[in-house]
Peer 1: 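Following this message is one structure expressed as structure tokens.
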There are 2 protein chains.
Amino acid sequence: MNIKGIAKLAGVSKATVSRVLNDSPLVTEDTRKKILEIIKRVDYLPNYLARSLKIKETKTIGVIVPDIGNPFYFEVLRGIEKVLDKKDFNIMLCNSDYNDKKELRYIYLLSSKKVDGIIVAPCSEESKGIENLLTWNIPFVTFDIPQTKLNTNSILVDHSQCSYIATKYLIESGHKNIVITDVFRHTKTKSKFILGYLKALGEHNIPVKQEFIQEASPDIVGGYNIIKKLITEKISFTGVITICDLLAVGVYKAVNKFNLKIPDDISVIGNDDIPLAKYLNPPLTTIHQPKYLLGLKSAKLLLSQIQNKNHNDIKVIKLDARLIKRCSVKRRIKNAS
Amino acid sequence: MNIKGIAKLAGVSKATVSRVLNDSPLVTEDTRKKILEIIKRVDYLPNYLARSLKIKETKTIGVIVPDIGNPFYFEVLRGIEKVLDKKDFNIMLCNSDYNDKKELRYIYLLSSKKVDGIIVAPCSEESKGIENLLTWNIPFVTFDIPQTKLNTNSILVDHSQCSYIATKYLIESGHKNIVITDVFRHTKTKSKFILGYLKALGEHNIPVKQEFIQEASPDIVGGYNIIKKLITEKISFTGVITICDLLAVGVYKAVNKFNLKIPDDISVIGNDDIPLAKYLNPPLTTIHQPKYLLGLKSAKLLLSQIQNKNHNDIKVIKLDARLIKRCSVKRRIKNAS
DNA sequence: ATGAAAGCGCTAACAC
DNA sequence: GTGTTAGCGCTTTCAT
């Protein structure tokens, strides 16, 4: 059943039916009632594809994240959903799998499906997809990963600041041999996360050891494997900083496996502060990321871009992260390594 | 830019452009190349709204879950995403918030947006939205919650079996005063989860106490509040079974708060086996739900429904849950309460 | 207040 | 192999 059918049944024109569907005041109460009654009776469902094609608005937003299985992104998603739902937007959710090609493909797909805007956590600092969005003039905002070459609407947390705080805390707690695990980057340049670590080390005149800088897949097994590798290679360290809490969970697992204790033998600091971090054994000391807020702000910024059509003024909002001290870091005697 | 514009630039008709866009063999290599070149040069993006309107297929699936913040659902979502992505479908994600009205609204919305099918975890056993899907003849599958009045395609785990296993294990470990926390149901009839508990109690001739049967919101604070209430009301119990692991985490928190110990003072069994359950302190004994599989099977079943148009043969697939014994249950001396 | 008609961007007969 | 044309189901201007 379509608008034409309803019109025929009601003995009016398509235009009139369309008007009642859109709550136009230009219809008498009588005809409105009659049409509404028929609509209900025949279970009529408007076709929003046709509508969207005409009015050039779909009321749907595309969201691209690297990994829907990571609690970090889920918390962000909750924030996004919260504001979008209130404004009657739907979310088209895409999982880029930390894969540039897949991200690009989704950007094409979402654009072709005519979403009103896109929120994306890019896989890399030079996302090809983002460039396309710019040339196609599609409203979008990025979060979490800043773009080095492009100036885009974005909600960010300074990753170098996060690792800097964590490293500094470990150093001040008497640690010198500190492992840091980043996520696989597939790039030659050092990530911001590593940069903050290096900065803290430098400020305390602690020499950098290459074998302490590791990359892993951002999940539990990734963390497990790194520690297993390090221990079997007899590389000695007393602290580890992970780029996400999931990785820290893997570290816990590996440390237990080798009959070591956290924090007595190994201290660990995570990053994210996922809901369950405080319930781990021992409770995880971590850098708290404002995940929900990240989502909330991203969605709000996007909505304002869509409404104002002010494609010119780029907004970059920086959010703060902070250290949450729990029980996975041990204070060591000075000069001990 | 649209297909007409490309046609003009290439000096051909819209039909020819459409043909190359759809990889039709009915185009000479020369014209194909010329058109492809122009498409690339002008950054042309096909409009899938128009396409979908015409061919009556959107390549998008709606997914409705009660709470995207619950690890249970996002594990399911991962399974769904896995199979849908492979078949080039997009996911429109909706959060019903355990709210019937919202669920119904989303079902209308998704249907109007002409998704090719819907996967839904209904909030209740008598979802009004599902009825609509049936009358509109839209392919769909439900999971997790069975519908009492309707026969629908679904992937299920027997909830009564889950609570039965958990209760039985607790009883056999010497517990008699066992609290069970269901989720708010807003219905008069007992849920399957409570039914399984009652059955196990009955089989062991343990009298039912109404104050042991509780309802909570399915999150950490929900679990916390229940235990707090019970303890301050001086109701004594030694075991608790929660309908989801998140609730169990809240129980842990409350038990600690009152300086009690798990499992020495209180034994707890969760339900779901979320990824972090084994890393809790102590590791949570829980009923493992095949979450990922639930998603995988749901998506596959939906896809087969969409392809075959066999709207007639309803498939119900039952998956098994199993008890994962970890460390949150203590064996008690017989006859102790 | 209502209707006629054009058009959103695409596909698919059908004709040549 | 390519073009013409008639829709898909809706909105919206312009008449009346």
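Values below: every heavy atom of this structure, side chains too, minus hydrogens, waters and symmetry copies. Letters go in sequence order (proteins before strands), and every chain restarts at 1.
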Peer 1: For B:Lys4 and C:dG9, what is the distance between atoms NZ and P respectively, to the nearest whole Å?
Peer 2: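 Taking atom P of C:dG9 as the reference, NZ of B:Lys4 is at 9 Å.
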
Peer 1: Just the rounded figure in Å: distance from P of D:dC8 to NZ of B:Lys114.
Peer 2: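 Answer to the nearest Å: 13 Å.
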
Peer 1: Tell me: CD of B:Glu57 to P of C:dA12, nearest whole Å?
Peer 2: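 About 10 Å, once rounded to whole Å.
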
Peer 1: Identify the heavy atoms of B:Ser111 and A:Leu45 that sit nearest to each other, and give their distance.
Peer 2: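 What the structure gives for the nearest pair is CB-CD2, 3.3 Å.
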
Peer 1: Verify whether one side chain among B:Asn22 and B:Ser24 offers a donor that lies under 3.5 Å from an acceptor in the other.
Peer 2: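 Side chains of B:Asn22 and B:Ser24: no pair found under 3.5 Å.
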
Peer 1: If you measure from the Lys or Arg side-chain nitrogens to the Asp or Glu carboxylate oxygens, is any gap between B:Glu81 and B:Arg78 under 4.0 Å?
Peer 2: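 Between B:Arg78 and B:Glu81 there is no salt bridge, as every charged N stays at least 4.0 Å from the carboxylate O atoms.
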
Peer 1: Given D:dG9, is OP1 or OP2 found less than 4.0 Å from the side-chain N or O atoms of A:Asn2?
Peer 2: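 For D:dG9, OP1 or OP2 has a side-chain N or O of A:Asn2 closer than 4.0 Å.
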
Peer 1: What is the separation between atom CG on B:Leu26 and atom C1' on D:dG3, rounded to the nearest whole Å?
Peer 2: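 For the pair B:Leu26 CG and D:dG3 C1', the rounded distance is 13 Å.
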
Peer 1: For residues 27-36 of chain B, which residues have at least one heavy atom under 4.0 Å from DNA chain D?
Peer 2: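 Close to the strand are B:Val27, B:Thr28, B:Thr31.
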
Peer 1: Can you pull the salt bridge (Lys or Arg N to Asp or Glu O under 4.0 Å) pairs that have at least one residue in residues 128-144 of chain A, sequence neighbours excluded?
Peer 2: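 Non-adjacent pairs meeting salt bridge (Lys or Arg N to Asp or Glu O under 4.0 Å): zero.
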
Peer 1: Who are the side-chain hydrogen bond (donor to acceptor under 3.5 Å, both in side chains) partners of A:Thr28, not counting sequence neighbours?
Peer 2: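 Partners of A:Thr28 under the side-chain hydrogen bond (donor to acceptor under 3.5 Å, both in side chains) test: A:Thr31.
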
Peer 1: Give the angle between the helix axes at the two ends of the helix from C:dA1-D:dT16 to C:dC16-D:dG1, taking five base pairs at each end and rounding to 10°.
Peer 2: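 Rounded to the nearest 10 degrees, the bend comes out at 40°.
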
Peer 1: List the steps and the verdict of salt bridge (charged side-chain N to carboxylate O under 4.0 Å, His left out) for B:Lys34 and B:Glu37.
Peer 2: CA-CA 5 Å; B:Lys34 185 170 59 182; B:Glu37 189 270 320; over 6 Å; no

Peer 1: Taking NZ from A:Lys56 and P from C:dC10, how many angstroms apart are they, rounded to a whole number?
Peer 2: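 Rounded to whole Å, this separation is 10 Å.
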
Peer 1: Any side-chain donor paired with an acceptor under 3.5 Å for A:Ser127 and A:Glu103?
Peer 2: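 Yes, because at least one side-chain N or O of A:Ser127 sits under 3.5 Å from a partner of the opposite role on A:Glu103.
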
Peer 1: Against B:Lys113, only a single residue in A:Asn47, A:Asn90, A:Thr58 fulfils side-chain hydrogen bond (donor to acceptor under 3.5 Å, both in side chains); can you say which?
Peer 2: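 Only match with B:Lys113 under side-chain hydrogen bond (donor to acceptor under 3.5 Å, both in side chains): A:Asn90.
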
Peer 1: Please encode protein proximity along nucleotides 11-16 of chain D as a string of B, S and -, counting only heavy-atom distances under 4.0 Å.
Peer 2: BBB---

Peer 1: For the backbone of A:Ile61 and the side chain of A:Asp116, can you confirm whether one donor and one acceptor N or O come within less than 3.5 Å of each other?
Peer 2: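 Not a single qualifying donor-acceptor pair exists.
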
Peer 1: Please enumerate all residues that pass salt bridge (Lys or Arg N to Asp or Glu O under 4.0 Å) together with B:Arg105, with sequence neighbours excluded.
Peer 2: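 Partners of B:Arg105 by the salt bridge (Lys or Arg N to Asp or Glu O under 4.0 Å) criterion, ordered by chain and then number, come out as A:Asp85, A:Asp88.
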
Peer 1: Looking at A:Tyr44, does any N or O in its side chain come under 4.0 Å of the phosphate oxygens OP1/OP2 on D:dC10?
Peer 2: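 Yes, A:Tyr44 has a side-chain N/O under 4.0 Å of OP1/OP2 on D:dC10.
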
